[in-house]
Novice: 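Dropping a structure here in structure tokens format, bear with me for questions.
So that the names make sense, note that chain A is the first sequence line, chain B the second, and so on, each numbered from 1. Only a predicted model underlies this, so the values are computations on that prediction, with no experimental measurement involved.
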Amino acid sequence: MNAYEIIYATVRQIPYGKVATYGQIAELSNLPRRARLVGYALFRVAADADVPWHRVINAQGTISESPFRQGNDYLQRSLLEAEGVEFSPAGKVDLRKYRWQPEVDPPIADAPIALPESDCP
DNA sequence: GCCATGACGGAGC
DNA sequence: TGCTCCGCCATGG
């Protein structure tokens with residue numbers, strides 16, 4: 001399976017109403033520090049694939065623009081808003097709240113993460 | 001085959 | 001907070 005296939009598969013797993021960052025997708029695709037490749041992969045597949053590319057944004061919570069997709073950034077934002085994702089006046093998404101956390105869904109967010117030293121070998 | 005570029009990330013200032 | 005620089009790799013000229 002190509003790295004791209006893994007990237008696409010990962011993006012497809014992003015649930016409704018959630019978003020993920022390029023770095024996150026890269027890491028989940030076993031490609032740490034290759035966020036750029038993820039963006040490039042999505043750029044190539046977005047035209048002819050059923051990948052929810054609109055749920056992938058940069059680590060700053062903003063939607064990147066590109067000369068090729070001018071106007072589409074607004075579409076992406078609309079799609080996310082339609083899924084319940086809120087944007088700040090600056091056009092940023094609250095990653096802290098909407099970032100997809102695969103196989104992990106801690107009900108609490110304010111509580112500090114306890115380190116189970118007694119359980120750690 | 002080399003060089004410049006790009007939907008990014010993170011560290012440094 | 002915001003800007004700059006570097007790394008990383010695939011693609012196109």
Novice: Give the rounded distance in Å between these two atoms: CD of A:Glu27 and C1' of B:dG10.
Specialist: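 After rounding, the gap between these two atoms is 13 Å.
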
Novice: Hey, does A:Leu31 have a side-chain heavy atom less than 4.5 Å from the side chain of A:Ile7?
Specialist: yes

Novice: List the protein contact pattern of nucleotides 7-13 of chain C with one symbol per nucleotide (5' to 3'): B for base contact, S for sugar-phosphate-only contact, - for none; contact means a heavy-atom distance under 4.0 Å.
Specialist: BBSSSS-

Novice: Could you state the CD-P distance from A:Gln60 to B:dA11, rounded to the nearest angstrom?
Specialist: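 So the CD-P distance, A:Gln60 to B:dA11, works out to 13 Å.
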
Novice: I'd like to know whether A:Leu80 forms a side chain to side chain contact (heavy atoms under 4.5 Å, CB included) with A:Tyr98, so could you lay out the CA-CA distance, the side-chain angles of the two residues, the decisive distance to 0.1 Å, and finally the verdict.
Specialist: CA-CA 10 Å; A:Leu80 290 176; A:Tyr98 296 106; over 6 Å; no

Novice: Does B:dC8 have OP1 or OP2 sitting under 4.0 Å from an N or O in the side chain of A:Ser64?
Specialist: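 Looking at the OP1 and OP2 atoms of B:dC8, one of them is under 4.0 Å from a side-chain N or O of A:Ser64.
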
Novice: Return the value, rounded to whole Å, for the distance between atom CG of A:Leu31 and atom P of B:dG9.
Specialist: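 After rounding, the reported distance stands at 14 Å.
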
Novice: Rounded to the nearest 0.5 Å, what separation is found between the CG atom of A:Leu28 and the CH2 atom of A:Trp100?
Specialist: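 Going from the CG atom of A:Leu28 to the CH2 atom of A:Trp100 covers 5.5 Å.
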
Novice: Using a 6.0 Å cut-off, check whether atom CZ of A:Arg33 has over 12 heavy atoms from anything other than its own residue.
Specialist: no

Novice: Is it true that atom CZ of A:Arg77 has more than 12 heavy atoms of other residues, nucleotides or ligands lying nearer than 6.0 Å?
Specialist: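 Counting other residues, nucleotides and ligands, CZ of A:Arg77 exceeds 12 neighbours.
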
Novice: Could you state the atom-to-atom distance from NZ of A:Lys92 to P of B:dC8 in whole Å?
Specialist: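 Rounding to the nearest Å, NZ of A:Lys92 and P of B:dC8 are 15 Å apart.
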
Novice: A:Gln24 CD to B:dG10 P: how many Å, rounded?
Specialist: 11 Å

Novice: Determine whether a donor-acceptor pair (N or O, by modelled atom type, separation under 3.5 Å) exists between the side chain of A:Glu27 and the backbone of A:Pro32.
Specialist: no

